[in-house]
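So that the names make sense, note that chain A is the first sequence line, chain B the second, and so on, each numbered from 1.
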Protein chains: 2
Amino acid sequence: MVQSIDPGQAFPARCDYHSGCRERLLSAAESLCRESGTSLTANRRAVLDILSESHHSLGAYDILERMDAGAGRRPGPAAVYRALEFLSGLGLVHRLGSRNSWFACSRPGEHRGRSQYWICANCGVVGETESEEIAQILPELALSMAFRLDRVSIEIEGECRGCQLQIKG
Amino acid sequence: MVQSIDPGQAFPARCDYHSGCRERLLSAAESLCRESGTSLTANRRAVLDILSESHHSLGAYDILERMDAGAGRRPGPAAVYRALEFLSGLGLVHRLGSRNSWFACSRPGEHRGRSQYWICANCGVVGETESEEIAQILPELALSMAFRLDRVSIEIEGECRGCQLQIKG
DNA sequence: CGGCAAGTGCTATAATATATCATTCCACGA
DNA sequence: TCGTGGAATGATATATTATAGCACTTGCCG
Ligand SMILES: [Zn+2]
Ligand SMILES: [Zn+2]
Ligand SMILES: [Zn+2]
Ligand SMILES: [Zn+2]
């Protein structure tokens, strides 16, 4: 198995309106729910829809604000957090601890907590890579420390190519 | 340069009352302040003292609660956050985004944002490694994406050796 | 129908973090 | 000695993020 995500393709373009990202996410959601005997309820679906509108990360309350589109009424924060917990449990969305925000997974079902999150501080877009090397090294390190590794979070902040070009020229 | 932190030594023992950790941290604090033309004020020193009492991470408000020991009065949250911002800027303490908490650096001055944080979900102790391989891979990945890498955060949650032994037998 | 489990609505509240502006402190030069 | 300026802090208020608790609804299965 080689590098499973081509790094050149890992970072979504600034105005990428999803050549299939949403559709992939939704179909992954449905199959993951089926497999796990759970269901993609309206509330969960709404949160997933909102996050999958772009590759930006959103705060839970940003998501909440967008929940009233259509229906006149808005749920409480707990509804959003419950959906986020459910969706992140399936790997459909991820949380950025460095920013207390959430984003839709770019490769649902293709990684199991082994990806790296690349956050552009300028445009807010988040990309994902899945480095084969890192996937090997961390368990080795853990073994040498006799540490049982449960969850890994790798967040890289910087500036994406698009923003660098735009700002400089 | 080989692995700069022996992984076997990276995770502090559960009841390690610091064979020199505090002293190292304090002397690093003083020299880093000198170098950067800043000063280790009483407020900053107090926060550093509290965090360096153990290898556990603490919430900002946990730190705040311990600030009155001795003097009868307690500062506001802002004082704690200001100290934390200052100290983390010098690499003397680190923030755990996955838990919104803070801990004292185990190797102040020895790494520049290149370490991995190992968090024991059972005892709360946090260890640090500095993997040479990861320090190489991430910039390479960034280059291949034309992403300007500014800050990296790697947090690994699991269970330390001590806790595994204790629980199992 | 009755009982159960999963999910949600609703309200309150906890936990984390920052904004703003007045005040203190101290080094430094007049 | 005095005034001045910058860094740090105090104090208060408020913003932001997240969870607890409990009643209610819904759909399923016997
Ligand atoms: Zn993902
Ligand atoms: Zn960007
Ligand atoms: Zn450190
Ligand atoms: Zn432990």
*Could you tell me which residues satisfy side-chain contact (heavy atoms from CB on, under 4.5 Å) with Ala78(B), sequence neighbours excluded, listed by chain and number?*
Arg82(B)
_Non-neighbouring partners of Ala29(A) that pass side-chain contact (heavy atoms from CB on, under 4.5 Å), sequence neighbours left out_ = Leu40(A), Leu48(A), Leu92(A)
Length of the line joining [X]:[atom1] and [N]:[atom2], which is rounded to integer Å:
X: Asn43(B); N: dG10(D); atom1: CG; atom2: P; value: 6 Å
X: Leu64(B); N: dT9(D); atom1: CG; atom2: P; value: 14 Å
X: Phe86(B); N: dT9(D); atom1: CZ; atom2: P; value: 9 Å

*Side-chain donor or acceptor of Tyr61(A) under 3.5 Å from a matching atom on the base of dA15(D)?*
no
*Indicate yes or no for a side-chain donor-acceptor contact from Ser39(B) to the backbone of Thr41(B) under 3.5 Å, with no hydrogens or angles considered.*
no
*Verify the neighbour count for atom CD of Glu30(B): are there more than 12 heavy atoms of other residues, nucleotides or ligands below 6.0 Å?*
yes
*Should the heavy atoms of other residues, nucleotides or ligands under 6.0 Å from CZ of Arg114(A) be counted, would the total exceed 12?*
no
*asked:* Please tell me if Tyr81(A) has a side-chain N or O lying less than 4.0 Å from either OP1 or OP2 of dA18(D).
replied: yes
Side chain to side chain donor-acceptor pair (under 3.5 Å) against [X], all qualifying residues, sequence neighbours excluded:
X: Ser31(B); result: none
X: Arg34(B); result: none
X: Arg148(B); result: Glu159(A), Asp150(B)
X: Asp62(A); result: none

_DNA chain C contacts made by residues 25-40 of chain A, counting heavy atoms under 4.0 Å_ = none
*Between residues 89-103 of chain A and DNA chain C, which residues have a heavy-atom gap below 4.0 Å?*
none
*From CZ (Arg95(B)) to CG (Leu84(B)), nearest 0.5 Å*: 10.0 Å
*asked:* For Arg45(A), give me all partners under salt bridge (charged side-chain N to carboxylate O under 4.0 Å, His left out), at least two apart in sequence or on another chain.
replied: Asp49(A)
_Treating primed atoms plus P, OP1 and OP2 as sugar-phosphate and everything else as base, which nucleotides of nucleotides 21-30 of chain D get B, S or - for protein heavy atoms under 4.0 Å?_
B---------
_Pair listing, ring pair (Phe, Tyr, Trp, His ring centres under 6.0 Å) test, anchored in residues 121-144 of chain B, at least two apart_ = none
*Nucleotide interval of DNA chain C bounded by contacts with chain B (heavy-atom cut-off, under 4.0 Å)*: dT16(C) to dA19(C)
*Look at the aromatic rings of His111(B) and His94(B) and report parallel, tilted or perpendicular, splitting at 30° and 60°.*
tilted
*asked:* Which is more 5' along DNA chain C, the nucleotide nearest Gly76(A) or the one nearest Arg44(A)? Just name the residue.
replied: Arg44(A)
